[in-house]
Peer 1: 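One structure coming up, written as structure tokens, with questions to follow.
Proteins get letters first, then strands, A, B, ... in listed order; numbering begins at 1 in each.
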2 protein chains.
Amino acid sequence: MRTWTISELSNEFGITPRAIRFYEDEELIQPTRVGQSRVYAARDRARLALILRGKRVGFSLDEIKEMLDLYNVKDGQATQLSYTIKKFSQRISMLEQQRADIEHSLEELRGARARLEVLLGEKQPHRKPANDDGHGRLIGYSMNAAARD
Amino acid sequence: MRTWTISELSNEFGITPRAIRFYEDEELIQPTRVGQSRVYAARDRARLALILRGKRVGFSLDEIKEMLDLYNVKDGQATQLSYTIKKFSQRISMLEQQRADIEHSLEELRGARARLEVLLGEKQPHRKPANDDGHGRLIGYSMNAAARD
DNA sequence: GCTTCCGTTGACGTAAGCGTCAACTCACAA
DNA sequence: TTGTGAGTTGACGCTTACGTCAACGGAAGC
């Protein structure tokens, strides 16, 4: 089975070797050694991928570590199992909330962009002064929804 | 029009006054003053909501400030406008990527939870030892997809 | 007038997540 | 033999986003 060096992985994932070693210090990955050099197996590479995705969705390294550890639950007691299940359920709710936040942000940004494009369309072709009092604001949805100034 | 004190807002949004003052230091909000006390208008409150949602979707305060500033573009040149539009488009792509990451993470977590629940079901009612070799791992999707150890 | 809140301004502290040296080892090619 | 290149271990530095005092200010109730 194939293995990887630290620089191979750092190139593949677009991170620095320093970062990878840091994840090891924090016990998120445990590569083997050949001499003093680290050797990464497919398992380590997969964990790295999970770590980076975890980061992209906003988990801290500690949280990611906890989740990775939860994946490794074996011959656990039923109590341990239901604890783990609860933990996963919590994470799931968090992500669902976050997805909703993202939907809202996307709506907002798209709306703002659309309005900007209208402005641009008015200004660019004919240098028409546009429907603008000169000091009006470009307003976002919830800016209007919540603010009444 | 109604206004708010700093503690009202900190209670409403579940953050500390210190945080709110920090956002002011970083120029994300500009409340007015009455004497030495800060007074928040609906506009400030709305901005605060946007800030917090921005944080929840993973933006840094600097990024959020930039976006809030972009909302305030007025009588800008066409070049400024298209710059702003480009920025918004970038944010939109980022969020779409992130939403995809979240979908994947959700799949993974739900899959893991489902498998855990099977284990729990096997163990709890009849204390049946479950289909487990005693040191097997509970495996996640991409753990299998990427790792072949 | 005194206390009790609620607010304010520094100032320093802290945790996370690496970046950035310095100094060293080891395999391997010239 | 002497680089050269890739890897290693400290160790300190840095940024972000506040937390946590300390010391002070004004209004309100008694």
Peer 1: Where along nucleotides 11-16 of chain C does protein come under 4.0 Å, by heavy atom, of base (B) or sugar-phosphate alone (S), with - for untouched nucleotides?
Peer 2: B----S

Peer 1: About how many Å separate CD1 of B:Ile92 and CD of A:Glu107, when rounded to the nearest 0.5 Å?
Peer 2: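 Interatomic distance, A:Glu107 CD to B:Ile92 CD1, rounded to 0.5 Å: 11.5 Å.
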
Peer 1: Which nucleotide in the list C:dC18, D:dG7, C:dT8 gets nearest to the side chain of A:Ala19?
Peer 2: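 Comparing C:dC18, D:dG7, C:dT8 against the side chain of A:Ala19, the answer is C:dC18.
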
Peer 1: Does D:dT8 have OP1 or OP2 sitting under 4.0 Å from an N or O in the side chain of A:Arg38?
Peer 2: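 Result: yes.
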
Peer 1: Are A:Arg18 and A:Glu24 close enough for a salt bridge, meaning some N to O gap below 4.0 Å?
Peer 2: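 Salt bridge flag = no for A:Glu24 with A:Arg18.
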
Peer 1: Between A:Ser7 and D:dG7, does any side-chain N or O lie under 4.0 Å from OP1 or OP2?
Peer 2: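 Result: yes.
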
Peer 1: What is the distance from CD of B:Gln36 to P of C:dT9, rounded to the nearest Å?
Peer 2: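 Computing the B:Gln36:CD to C:dT9:P distance gives 7 Å.
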
Peer 1: B:Arg33 side chain N/O closer than 4.0 Å to the phosphate oxygens (OP1, OP2) of C:dT9?
Peer 2: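 Result: yes.
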
Peer 1: Looking only at side-chain N and O atoms, does B:Thr5 come under 4.0 Å of OP1 or OP2 in C:dG7?
Peer 2: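 For C:dG7, OP1 or OP2 has a side-chain N or O of B:Thr5 closer than 4.0 Å.
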
Peer 1: Figure out the CZ/P separation between B:Phe13 and D:dC18, and round it to whole Å.
Peer 2: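 Rounding to the nearest Å, CZ of B:Phe13 and P of D:dC18 are 14 Å apart.
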
Peer 1: Check whether any side-chain N or O of A:Thr16 sits under 4.0 Å from OP1 or OP2 of C:dG19, and answer yes or no.
Peer 2: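 Answer is yes, contact under 4.0 Å.
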
Peer 1: Mind calculating the distance between CG (A:Leu9) and P (D:dG7) to the nearest angstrom?
Peer 2: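 It works out to 10 Å between those atoms.
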
Peer 1: Does a salt bridge link A:Arg110 with B:Glu96, judged by any charged N lying under 4.0 Å from a carboxylate O?
Peer 2: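 Salt bridge: yes.
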
Peer 1: Would you kindly give the CG-to-C1' distance between A:Leu52 and C:dC18, to the nearest whole Å?
Peer 2: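 Roughly 13 Å, once rounded to whole Å.
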
Peer 1: C:dG7 P sits how many Å from B:Trp4 CH2, rounded?
Peer 2: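 Nearest whole value for this atom pair: 15 Å.
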
Peer 1: Quick one: label A:Ile15 by what it contacts on the DNA or RNA (base, sugar-phosphate, nothing), any heavy atom closer than 4.0 Å.
Peer 2: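 Result for A:Ile15 = nothing.
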
Peer 1: Between B:Glu8 and B:Arg2, does at least one N-O distance fall below 4.0 Å, as a salt bridge requires?
Peer 2: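 B:Arg2 and B:Glu8: salt-bridged.
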
Peer 1: Roughly, in whole Å, what's the span from CG in B:Asp25 to P in D:dT15?
Peer 2: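 Between P of D:dT15 and CG of B:Asp25: 17 Å.
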
Peer 1: Aromatic ring centroids of B:Tyr71 and B:Phe88 under 6.0 Å?
Peer 2: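 Ring centroids of B:Tyr71 and B:Phe88 are less than 6.0 Å from each other.
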
Peer 1: Counting heavy atoms from C-beta on, name the nucleotide in C:dG7, D:dG7, D:dC18 closest to the side chain of B:Tyr23.
Peer 2: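 Looking only at side-chain atoms, B:Tyr23 lies closest to D:dC18.
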
Peer 1: Between A:Arg56 and B:Asp101, is there a salt bridge with N-O shorter than 4.0 Å?
Peer 2: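 Result for this pair is yes, salt bridge flagged.
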
Peer 1: Whole-Å distance between D:dA17 C1' and B:Glu27 CD?
Peer 2: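 One finds 16 Å between C1' of D:dA17 and CD of B:Glu27, rounded.
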
Peer 1: Does a side-chain N-to-carboxylate-O contact under 4.0 Å join B:Glu66 and B:Lys87?
Peer 2: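 Result for this pair is yes, salt bridge flagged.
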
Peer 1: What is the distance from NZ of B:Lys55 to C1' of D:dT16, rounded to the nearest Å?
Peer 2: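 Distance check: B:Lys55 NZ to D:dT16 C1' gives 10 Å.
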
Peer 1: Does B:Gln98 use its side chain to pair, donor to acceptor, with the backbone of B:Val57 at less than 3.5 Å?
Peer 2: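 It does hold such a pair.
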
Peer 1: For a quick test of your reading: what N or O donor-acceptor pairs under 3.5 Å do the side chains of residues 27-36 of chain B make, sequence neighbours left out?
Peer 2:
{"from": "B:Gln30", "atom 1": "NE2", "to": "B:Glu27", "atom 2": "O", "distance (Å)": "3.3"}
{"from": "B:Thr32", "atom 1": "OG1", "to": "B:Val39", "atom 2": "O", "distance (Å)": "3.3"}
{"from": "B:Arg33", "atom 1": "NH1", "to": "B:Gln36", "atom 2": "O", "distance (Å)": "2.9"}

Peer 1: Which heavy atom of B:Ser82 sits nearest a heavy atom of A:Leu120, and at what distance?
Peer 2: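 Of all heavy-atom pairs spanning B:Ser82 and A:Leu120, the closest is CB-CD2, 4.3 Å.
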
Peer 1: Distances under 3.5 Å between protein N/O atoms and the N/O atoms of nucleotides 2-5 of chain C, please, pair by pair.
Peer 2:
none

